[in-house]
Amino acid sequence: MKNDEIALKYSPQDIEDKWYNHWLKMNYFHSKPDDKEPENRYCIVMPPPNVTGVLHMGHMLNNTIQDVLVRRARMQGKNACWIPGTDHASIATEAKVVAKLKEEGIDKKDLTREEFLKHAWDWKEKHGGIILEQLKKLGASCDWERTKFTMDEDLYESVIDVFIDLYNKGLIYRGVRMVNWDPSALTAVSDEEVIHKEIQSKLYYLKYPIVGEKDAFVTIATTRPETILGDTAVCCHPDDERFAHLKGKSVIIPLVNREIPIIFDEYVDREFGTGCLKITPAHDINDYHIGIKHRLPSVDIFNDNGTINEKIELYVGKDRFDVRKEIVIDLEKSGYLEKTEDYTNKVGFSERTNAVIEPKLSLQWFLNMQDIAKPALDVVMNDRILFHPAKFKNTYRHWMENVKDWCISRQLWWGQRIPAFYTPNGDVVVAKTKEEALEKLRITNYELRIEDVKQDEDVLDTWFSSWLWPISVFDGIQNPDNKDLKYYYPTNDLVTAPEILFFWVARMIIAGLEYRHEIPFKNVYLTGIVRDKLGRKMSKSLGNSPDPLDLIKLYGADGVRVGMLLTSPAGNDLPFDESLCEQGRNFCNKIWNAMRLVNGWDVSNTIEQPEYAKVSIDWFDAKLNEQLAIIEDHFAKYRLSDALMATYKLVWDDFCSWYLEMIKPAYLQPIDSDTRLITLDFFDKLLQLLHPFMPFITEEIWHILGVDDIKIDGIDDCDDDIIVSELPKSGNFDNSLIDKFETTQQVITEIRTIRKEKNIPQKDALMLFIKKNNEQHETLFDSVIQKLCNLEKLEYISEKLENASTFIGANSAEYFIPLGNKIDKDTEKTKLLSELKQAENLLRSTQSKLSNERFVSSAPEPVIALERKKQSDAQQKINVITKQLEQLN
RNA sequence: GGGAGCUUAGCUCAGUUGGUUUAGAGCAUCUGCCUUACAAGCAGAGGGUCGGGGGUUCGACUCCCUCAGCUCCCACCA
């Protein structure tokens with residue numbers, strides 16, 4: 001393509017869809033098992049986003065990282081597979097569906113389970129997968145043919161099978177748990193849906209008369225006086241001497257007039273309140289456990305809607321808050337209220353209805369985690385699974401060592417329904433179908449009919465399906481020997497957020513070890529949270545999150561990807577700022593313009609390769625290989641931001657600012673063909689290196705600079721797309737070349753500074769005279785200095801030059817640029833004096849070290865040698881400066 | 001209340017088992033340039049007593065103690 005056909009600025013909108021469709025058409029994203037060895041296979045399973053969700057910045061970061069990893073693996077010749085999918089997210093999705101129905105005037109309570117699920121599936125069909133379509137705009141190279149959904153038939157069945165299996169192993173049981181009951185919505189809500197707020201409330205001190213002792217009381221403090229209706233004991237600390245005399249006694253509940261025992265338990269905090277606690281097992285989880293320990297009865301005082309139930313003889317049918325007011329008055333009247341104090345405590349509110357949450361005991365399904373968690377702890381502690389960054393190992397261990405049983409039932413309809421079946425008299429069996437359940441139940445009750453059998457109404461926790469994800473996407477639960485599973489499992493990398501380390505990552509490891517006897521992934525890359533400038537988490541409810549698709553429109557997908565990755569080392573939060581995307585876009589444009597430069601050259605086969613081009617090529621070749629090794633190392637350590645930054649600097653600074661300036665021919669002059677070819681080769685390698693980060697622009701430029709004779713669908717040379725090209729590998733390089741050029745760069749910078757100070761335009765040629773003061777002086781890059789600084793002459797001299805601007809380079813070489821009357825002795829002198837001061841400081845610090853006996857005797861030899869070299873360098877420099885100063889005077 | 005982590009330039013972060021410089025990078029800032037690849041740019045420059053204090057050491061951003069501030073996780077007190 002000719003330059004006059006190429007846009008002056010990179011325009012992502014024109015090419016992104018073109019290339020994405022092309023990649024899809026060529027089926028590059030699709031992977032199937034082949035005969036490659038395990039080390040040449042690469043697989044990531046995407047953390048499935050909520051099926052009805054829309055793309056937010058967190059997804060952008062997470063999926064950009066995965067795409068970088070999978071594209072790099074693909075270019076390393078691995079059979080790379082990235083499996084996408086969505087999660088049914090039972091709570092969130094059900095809430096959305098309920099809200100949508102409400103808008104239509106439909107109340108969930110008026111629907112049957114089947115009717116509701118029909119609505120939910122309709123919603124899923126309509127909105128499900130929008131998020132996956134959005135990921136395509138980002139450039140995500142997922143194997144879309146393998147897209148899964150956690151409620152797909154096979155994944156659904158896998159969950160049921162696992163439940164049955166764990167039940168049969170005796171690991172799943174039913175138990176009582178305190179749930180967060182929303183008396184307004186009449187449902188239990190999850191911990192995540194409870195908002196804790198600080199509330200100004202009161203602490204009521206109530207007097208309980210002691211049985212058999214006249215006018216003797218024990219005082220307890222409570223924030224919820226209405227719950228005395230459900231008291232079944234009063235509890236003190238066994239070592240608390242104040243209450244020692246109460247052992248074996250009992251008290252009367254005020255107003256209720258029920259006698260309850262005084263018990264002793266170390267749970268009680270002696271410092272709080274009166275040191276004496278009332279026990280209400282039905283309405284507090286701690287009280288519940290104390291109740292079990294001390295075999296106390298449990299008195300449930302509330303109806304589901306938060307009113308007092310009929311079993312309680314007082315205040316029946318009245319609301320809990322009304323009762324609180326009334327009971328305080330009644331207690332006071334009867335003389336049982338000792339005092340009230342202001343008190344601040346935290347109260348849970350329902351996120352959905354804003355009702356005060358009532359802790360309520362209920363029967364739930366649990367998974368015993370004790371034994372199955374152990375191996376999952378080991379594989380992380382012994383580094384079979386690596387966390388990036390490793391600091392999360394601590395948090396993981398802490399959790400796994402204190403693991404609690406997992407409550408896996410949820411009072412919802414959207415999800416995998418628990419395969420437990422009940423008879424009218426309360427017998428329970430676990431079975432795959434109702435028919436199977438009936439069969440089992442008939443063993444003891446052969447008269448039972450199918451309509452007598454009722455399935456559990458609850459569904460399983462969403463995580464109980466996602467913990468199987470790395471296995472179930474391959475149908476590995478139902479088909480443990482299938483080819484895909486054997487090929488791709490264990491997967492390589494998992495990219496996710498630290499917030500769900502326990503909810504999800506730990507449980508996947510547990511499931512992997514339980515069902516495959518093998519870890520599910522080898523590396524876990526933990527991303528941070530995307531925050532706004534004020535440090536707040538970006539969220540839809542705060543409205544502080546930009547729409548990722550708008551950003552892509554503005555800056556291009558590549559620009560946004562670079563922006564996301566620039567400041568997000570693994571495990572660190574990402575303080576997002578749109579200017580980061582701007583930086584990404586600017587980088588695209590820089591690469592684009594470098595392409596326009598290289599693409600626009602006329603080539604000559606007759607002119608010889610200039611000396612400056614030869615050395616420049618040697619230098620850049622060394623630099624490239626040096627940086628390739630560094631970038632490979634960054635990737636090996638999962639330091640993606642560092643890898644990107646190293647690439648960024650290699651392209652922008654080393655290639656564009658130095659190399660291209662060094663080799664580019666004068667205006668309208670042709671370039672020799674050798675230099676052009678090698679430059680194109682460098683460019684290709686850089687594009688390949690950039691491709692995982694910036695897939696679109698690199699594919700476009702790859703084709704513009706590539707051979708352009710074959711065209712398919714208007715696209716050049718289809719067999720040779722960068723996405724499937726072979727990534728360059730680091731090779732040997734001459735390190736001394738890099739060092740030598742570094743001193744050259746310093747010389748060039750000094751000359752540019754002089755030009756700037758003296759206001760000499762670049763087009764005015766200068767003369768440079770150099771006085772070597774050391775045999776080590778390097779002349780290799782003189783031709784480059786001459787070219788970049790526009791020197792008409794570069795000459796070595798043995799005597800100092802007057803009326804020249806001077807500076808001192810490496811090895812104390814003196815550089816002179818004759819400027820005639822432009823020289824101002826005073827400024828030259830100040831310059832020299834400040835350099836002298838620096839050199840003297842260095843000399844002093846080295847001398848003090850070297851004169852220290854103990855330093856010389858205990859420091860290792862190389863350290864001392866270095867110090868000696870610093871000393872002699874400083875000394876030499878001081879001598880040179882001193883002489884120059886003498887001449888100025 | 002328990003646990004983990006963090007504190008280096010205006011911002012975001014590197015700094016590997018203490019000794020490669022006079023502690024680095026990107027962005028931002030300042031100065032000069034519309035120099036025919038690129039003003040979404042070029043060239044140059046400035047900026048840090050490495051949170052405070054103490055200790056170990058010939059030598060500390062790096063190791064130990066202590067104080068202060070911030071963050072996250074878990075559990076929540078009637």
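So that the names make sense, note that chain A is the first sequence line, chain B the second, and so on, each numbered from 1.
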(message) With a 4.0 Å limit, can you tell me whether A:Asn394 has a side-chain N or O closer than that to the phosphate oxygens OP1/OP2 of B:G5?
(response) yes
Under-3.5 Å N/O pairs linking protein and nucleotides 56-58 of chain B:
from, atom 1, to, atom 2, distance (Å)
B:C58, OP1, A:Arg854, NH2, 2.9
B:C58, OP2, A:Arg854, NH2, 3.0
B:C58, O2', A:Asn852, ND2, 2.9

(request) Please state how far atom CG in A:Asp642 lies from atom C1' in B:U12, giving the value in whole angstrom units. (result) 12 Å
(message) Whole angstroms only, please: what is the CG-C1' distance between A:Asp573 and B:U71?
(response) 9 Å
(message) Ring-plane angle category for A:Phe807 and A:Tyr815, please: parallel below 30°, perpendicular beyond 60°, tilted otherwise.
(response) parallel
(request) Could you tell me whether A:Lys339 sits above the aromatic face of A:Tyr205, with NZ or CZ closer than 6.0 angstrom to the six-membered ring centre and within 45 degrees of the axis? (result) yes
(request) Mark yes or no for a side-chain to base donor-acceptor pair under 3.5 Å between A:Glu661 and B:A37, with no hydrogen or angle criteria applied. (result) yes
(request) Could you check how far CZ of A:Phe387 sits from P of B:C72, rounded to whole Å? (result) 21 Å
(message) Classify A:Phe502 by what it touches in the nucleic acid, base, sugar-phosphate, or nothing, heavy-atom distance under 4.0 Å.
(response) sugar-phosphate
(message) Would you say A:Lys391 places a side-chain N or O within less than 4.0 Å of OP1 or OP2 belonging to B:C6?
(response) no
(request) Looking at every strand, decide which applies to A:Lys870 at a 4.0 Å heavy-atom threshold: base, sugar-phosphate, or nothing. (result) sugar-phosphate
(message) Reading 5' to 3' and counting Watson-Crick or G-U wobble pairs with both distances under 3.5 Å, write the dot-bracket notation for RNA chain B, | for bases paired outside the strand.
(response) (((((((..((((.....[....)))).(((((.......))))).....(((((..]....))))))))))))....
(message) Between B:A45 and B:A4, how far apart are the two P atoms, rounded to whole Å?
(response) 47 Å
(message) So A:Arg585, base contact, sugar-phosphate only, or nothing? Heavy-atom distance under 4.0 Å.
(response) base
(message) Distance to the ring centre below 6.0 angstrom and angle to the axis at most 45 degrees; does that hold for A:Arg507 and A:Trp406?
(response) yes
(request) Check whether any side-chain N or O of A:Tyr396 sits under 4.0 Å from OP1 or OP2 of B:A4, and answer yes or no. (result) no
(message) In whole Å, I'd like the distance from the CD atom of A:Glu499 to the C1' atom of B:C72.
(response) 10 Å
(request) Please state whether the phosphate of B:U31, meaning OP1 or OP2, lies under 4.0 angstrom from any side-chain nitrogen or oxygen of A:Arg752. (result) no
(message) Would you say A:Asn286 places a side-chain N or O within less than 4.0 Å of OP1 or OP2 belonging to B:C77?
(response) yes
